Visitor: 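Let me give you the structure first, and then I'll get to my questions.
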2 protein chains.
Amino acid sequence: MTADAADPQPLSGPQPVTPVGTQPLTPVEDEAWRALTRVIVALPRIMDADLLERAKLTLNEYLVLMSLSEAPGRALRMSELADSVLISFSGLTRLVERLERDSSVRREKIEGDGRGSRAVLTDAGLARLQAAWPSHLESVRRIVMDHLTGLDLPALTAALTRVIDENALAAARRRR
Amino acid sequence: MTADAADPQPLSGPQPVTPVGTQPLTPVEDEAWRALTRVIVALPRIMDADLLERAKLTLNEYLVLMSLSEAPGRALRMSELADSVLISFSGLTRLVERLERDSSVRREKIEGDGRGSRAVLTDAGLARLQAAWPSHLESVRRIVMDHLTGLDLPALTAALTRVIDENALAAARRRR
DNA sequence: GCAATCTGTTTGTTTGTACAAACATACGGG
DNA sequence: CCCGTATGTTTGTACAAACAAACAGATTGC
């Protein structure tokens, strides 16, 4: 924890965060970063608003339903679910509460481990998701995918996956 | 509310959102969309936390300071600033209030148009931004840019820019 | 000079995080 | 078997930040 062996010269002080040797962004990198920044700032709100209007679902709620629908038995342990949608435990508890209130999800004790509980997608929840899906698909195409032309999509996927794997998952794991 | 258009037969009504003809995502597109979704959900939080820890600045606050620093006279009208960082008017008002409280920004009436006010980056604010920059640069590289290898960056920039231009700016404009 | 419009601010609500405490259950050593 | 600790989840509080809608002041056109 105390050792930080990234420095070329031996340093004496705490050296808070000053990255003396970091290369500035090239113009091309700078443009890419600015564009990506705008996307990560604006796109969540855009998708959220769209989904809310069309399906009365938050983006996070949609992702939870989707994650459950693809899980074996349409169910996941709360902690697995939190990892899969990248939100905090307490945030997930409240989100699942909301979904439980409208019967999209049910919680049940885990057999064999009475501490945990599993969120189970109900038939109503699945129907809700299926009702939302076509419209959401259309939005995804119109808002995002239609503009991702001239790109090597598999390479993009790999790159974005690296970003998440090296950061979000690490942070989630650290939080345990 | 009364219409429940889940039927396979041809419909005559308004057909609210049902995208009958939308092609489902190909596996490659699906993977890309899922990766992008995870990025737009997690990356804002990651960058926010990082910036907050290193510079006591929110991502949006940082972007506002940056936007101002690059504007002529280090100043922008509130509405221009809101457009430039893609946040709502009311959100911007509060954000600028925060920045004003620590003297990073000053607001002044616009001469000739008493309705508007301009946010001006103070010397202290510029210093704050410059102090945050090297560390933030290091984070941007480490968290994101280092992983964007094997990509045509200009093509990526162009694609992301299209997404924003066709959606966020349109939404902002619609909001006036 | 008055109404319509533009610009910004205020207010109320929503959603999320962080952190700590409360629980219940699981597990492991004596 | 029993006790102490670890784990998984929920709950409560405090807080931050965002949006939408209502609002207020200034300006402009008629």
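Because the structure is a prediction, the values reported are computed rather than measured. Proteins get letters first, then strands, A, B, ... in listed order; numbering begins at 1 in each.
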Visitor: Residues in side chain to side chain donor-acceptor pair (under 3.5 Å) with B/E80, at least two apart?
Guide: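 B/E80 satisfies side chain to side chain donor-acceptor pair (under 3.5 Å) with no residue once adjacent residues are dropped.
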Visitor: Sub-3.5 Å donor-acceptor pair from the side chain of A/T122 to the main-chain atoms of A/S104, do we have one?
Guide: yes
Visitor: In whole angstrom, what separates B/E100's CD from C/dT9's P?
Guide: 9 Å
Visitor: Measure from CZ on A/R45 to P on C/dT15 and round the result to the nearest Å.
Guide: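 It is 16 Å, rounded to the nearest whole Å.
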Visitor: Kindly say if A/R107 contacts the phosphate of D/dT10, meaning a side-chain N or O under 4.0 Å from OP1 or OP2.
Guide: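 The answer is yes; a side-chain N or O of A/R107 sits under 4.0 Å from OP1 or OP2.
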Visitor: Across the strands shown, which category fits B/E80 at heavy-atom distances under 4.0 angstrom: base, sugar-phosphate, nothing?
Guide: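 The residue B/E80 makes no contact with any strand.
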Visitor: Heavy atoms only: give me the nearest A/K56-A/E61 pair and the separation to one decimal.
Guide: O-OE1, 4.2 Å
Visitor: Can you spot which of A/I46, A/L43, A/L51 makes a side chain to side chain contact (heavy atoms under 4.5 Å, CB included) with A/L59?
Guide: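 Filter result, single survivor: A/L51.
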Visitor: What residues form a side chain to side chain donor-acceptor pair (under 3.5 Å) with A/R34, not counting sequence neighbours?
Guide: A/D30, B/E70
Visitor: Tell me every residue that passes side chain to side chain donor-acceptor pair (under 3.5 Å) with A/E108, counting only those two or more places apart in sequence or in another chain.
Guide: A/R106, A/R118
Visitor: How long is the straight-line distance from OG of A/S84 back to CG of A/L68, given to the nearest 0.5 Å?
Guide: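 Output value for this atom pair is 7.5 Å.
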Visitor: Quick one: B/E97 CD to C/dT11 C1', roughly how many Å, whole number?
Guide: 12 Å
Visitor: What integer distance in Å separates B/L76:CG from C/dT7:P?
Guide: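 One finds 15 Å between P of C/dT7 and CG of B/L76, rounded.
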Visitor: Taking atom C1' of D/dT10 as reference, at what distance in whole Å does atom CZ of A/F89 sit?
Guide: 12 Å
Visitor: Of all the heavy-atom pairs spanning B/L65 and B/L121, show the shortest one and how long it is.
Guide: CD2-CD1, 3.6 Å
Visitor: OP1, OP2 of D/dT10 versus side-chain N and O of A/T93: anything below 4.0 Å?
Guide: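 Result: yes.
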Visitor: What is the distance, rounded to the nearest whole Å, between atom CG of B/L95 and atom C1' of C/dT9?
Guide: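 Distance check: B/L95 CG to C/dT9 C1' gives 14 Å.
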Visitor: Grab the N/O contacts between the protein and nucleotides 12-16 of chain D below 3.5 Å, and write none if there aren't any.
Guide:
residue: D/dG12; atom: N7; partner: A/R94; partner atom: NH2; Å: 2.8

Visitor: Using nucleotides 21-25 of chain C, report all nitrogen or oxygen pairs with the protein that are shorter than 3.5 Å.
Guide:
residue: C/dT25; atom: O3'; partner: A/G114; partner atom: N; Å: 3.1

Visitor: Go through the structure and list residues passing side chain to side chain donor-acceptor pair (under 3.5 Å) with A/E53, not counting sequence neighbours.
Guide: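 A/E53: no side chain to side chain donor-acceptor pair (under 3.5 Å) contacts found.
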Visitor: Can you tell me if B/R118 touches the phosphate of C/dG8, counting only side-chain N or O atoms and a distance under 4.0 Å to OP1 or OP2?
Guide: no
Visitor: Looking at every strand, decide which applies to B/S117 at a 4.0 Å heavy-atom threshold: base, sugar-phosphate, or nothing.
Guide: sugar-phosphate
Visitor: I need the CZ-C1' distance between A/R101 and C/dT14, as an integer number of Å.
Guide: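 Whole-Å distance recorded here is 13 Å.
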Visitor: Base, sugar-phosphate or nothing for A/I87? Non-hydrogen atoms, less than 4.0 Å.
Guide: sugar-phosphate
Visitor: Closest nucleotide of DNA chain C for B/R77 versus for A/L52: which of these residues is on the 5' side?
Guide: B/R77
Visitor: Give the rounded distance in Å between these two atoms: CG of A/N60 and P of C/dT14.
Guide: 17 Å
Visitor: On DNA chain D, nearest-nucleotide positions of B/I110 versus A/A49: which is more 5'?
Guide: A/A49
Visitor: Are any of the side-chain nitrogens in B/R74 or B/D123 under 4.0 Å away from the carboxylate oxygens of its partner?
Guide: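 Salt bridge: yes.
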